[in-house]
Amino acid sequence: GGTHHAFANRSLNLTRPDIASVTLFSLPRLFVTLLVISFLAEAGVMFLLPVVLPKTSRTIEAFADAVLLTLIIAPVIGWLVIRPLQGAALREKAHAAAVIAHALDGILTLDQRGIVASCNPAAEAMFGYSSAELMGKSIESVISRPDGDGSSHQGLIEQLIGNFHGQRMGLEFKGRRKDGTAFPIELSGSVVRLDGQETLIAIARDVTERKRAELQLASLNARMKRDL
C-alpha cells in the first residue's frame, strides 16, 4: 500500500558486522598471547616483590603477588577481549536498529497488556501517529478483528499471543489510522522473553493494494463469465 511506496525509495546499504573480525587476534593466537602476557607478568611480579617488599611474610607476599598480577592482567584482558566484544555488540545493536528503522512493514513491540512499547517509522506512516503518540497506546486503538467483533480487549491480546505462539502468520486484521479510516492489514509476529517478561513483536503489512487488485480480478472474472 501507500506505506510501502513511502519507504521503497529509501536507499539502504547495510553490511552485517563480522564479529570474528573485530577481535585483534584469532582465538588461538589470542589464547597464546594471554598466556605469554600472564607468564611475563608473573615473572615480573616475582622479580619486583623482593625489591619492593623485602623481608615480608609469605602471606603478605602472596597477597601482594595476587594484587599486582591482577592489576597488570586486567587491563590487558579488557583491551584484547572485552573492548572488541563490546564493539561487536554495539555494531550488532546498531545493525538491528537500522534494519527495523528501514523495514517496509510496520513493527510494534507490545507488553502483555497489549500496550505499545515501541514502533518503527513504517508503523508511524501506516497508522498516522508519531512514535511518541503510539507509545503507551493500546494495540486495539490501531488494530481490531476484521469482522468488527466487539469482544474484549483482553480477548484480542490473547488471540494475538496465541497466534504468535502458534506461528500462525499473515492473519488478516483491520488497521485503523489516526484519522479514523480503516484498512486491511496482515499481521504476523512472535513472542519473546525480555527481562523475564513476554514481549509481543507484531509485524503489520498494509494489504490495501492487494485487496483492491483481488476485487478487480474478481470483477473481471465475473464479467467474463457473464459474457460467455
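Every value quoted in this text rests on a predicted model; they were computed, and no experiment measured them. Numbers for residues simply follow the sequence, beginning at 1.
With sequence neighbours excluded, the residues forming a side-chain contact (heavy atoms from CB on, under 4.5 Å) with Gln86 are Ile82, listed by chain and number. Listed by chain and residue number, nothing satisfies the side-chain contact (heavy atoms from CB on, under 4.5 Å) test with Ala66 (two or more places apart in sequence, or in another chain). Every residue two or more places apart in sequence or in another chain that forms a side-chain contact (heavy atoms from CB on, under 4.5 Å) with Ile203 is listed here: Asp105, Ile107. Take Asp111 and apply the salt bridge (charged side-chain N to carboxylate O under 4.0 Å, His left out) test, not counting sequence neighbours, and it matches Arg113. Under the ring-ring contact (aromatic ring centres under 6.0 Å, His included) criterion, Phe173 pairs with no residue at all, not counting sequence neighbours. The side-chain contact (heavy atoms from CB on, under 4.5 Å) check on Val192 picks up Ser190, Leu194, Thr199, Ile201, with sequence neighbours excluded.
Cation-pi geometry between Arg176 and Phe127 is not met: the NZ or CZ atom fails to fall both under 6.0 Å from the ring centre and inside 45° of the normal.
Asp206 and Pro184 make their closest contact through OD1-O, 3.6 Å (heavy atoms, listed as atom of the first residue, atom of the second, distance). Of all heavy-atom pairs between Ala103 and Ala122, the closest is O-CB, 3.4 Å. Considering every non-hydrogen atom in both Gly106 and Met126, the closest pair reads N-CE, 3.7 Å. Of all heavy-atom pairs spanning Gly175 and Ile185, the tightest one is N-CG1, 4.0 Å. Pairing each heavy atom of Arg177 with each of Tyr129, the nearest pair is C-CE1, 4.4 Å. Here the closest heavy-atom approach between residue Ala202 and residue Leu187 is recorded as CB-CD1, 4.3 Å.
Atom CG of Leu134 and atom OG of Ser141 lie 7.0 Å apart (nearest 0.5 Å).
Hydrophobic clustering of Ile, Leu, Val, Met, Phe, Trp and Tyr side chains at less than 4.5 Å, counting indirect connections, keeps Val32 apart from Leu35. Hydrophobic cluster membership differs between Leu40 and Ile73, with clusters built from Ile, Leu, Val, Met, Phe, Trp and Tyr side chains linked at under 4.5 angstrom. Note: the hydrophobic cluster containing Leu71 does not contain Leu69 (ILVMFWY, side chain heavy atoms under 4.5 Å, direct or indirect links). Residues Val45 and Val67 fall into different hydrophobic clusters, defined by Ile, Leu, Val, Met, Phe, Trp and Tyr side chains chained together at heavy-atom separations under 4.5 Å. Under the 4.5 Å side-chain contact rule for hydrophobic residues, Met135 and Ile143 do not share a cluster.
The list of ring pair (Phe, Tyr, Trp, His ring centres under 6.0 Å) pairs with a residue in residues 103-122, not counting sequence neighbours, is empty. Screening residues 115-133 for salt bridge (charged side-chain N to carboxylate O under 4.0 Å, His left out), with sequence neighbours left out, gives Glu133-Lys178. Pairs passing the salt bridge (charged side-chain N to carboxylate O under 4.0 Å, His left out) check and including a residue from residues 30-54, sequence neighbours excluded, do not occur. For residues 186-228, the set of pairs meeting the ring pair (Phe, Tyr, Trp, His ring centres under 6.0 Å) definition, not counting sequence neighbours, is empty. Each ring pair (Phe, Tyr, Trp, His ring centres under 6.0 Å) pair with one or both residues in residues 44-78, not counting sequence neighbours, would appear here, but there are none.
Residues Asp65 and Leu68 form no side-chain contact, since every pair of their non-hydrogen atoms from C-beta on lies 4.5 Å or further apart. Leu108 places none of its side-chain heavy atoms less than 4.5 Å from the side chain of Ser118. Counting only heavy atoms from C-beta outward, the side chains of Ile139 and Ile115 never approach each other to under 4.5 Å. Looking at heavy atoms from C-beta onward, Leu34 lies in side-chain contact with Ile77 at the 4.5 angstrom threshold.
Here the side chain of Arg193 pairs a donor or acceptor atom with the backbone of Gly196 at under 3.5 angstrom.
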Residues 210-217 side chain polar contacts: donor-acceptor under 3.5 Å, at least two apart:
from	atom 1	to	atom 2	distance (Å)
Arg210	NE	Glu214	OE2	3.4
Arg210	NH1	Glu186	OE2	2.7
Arg210	NH2	Glu186	OE2	2.8
Lys211	NZ	Glu172	OE1	3.2
Lys211	NZ	Glu172	OE2	2.5
Arg212	NH1	Glu209	OE1	3.0
Arg212	NH1	Glu209	OE2	2.8

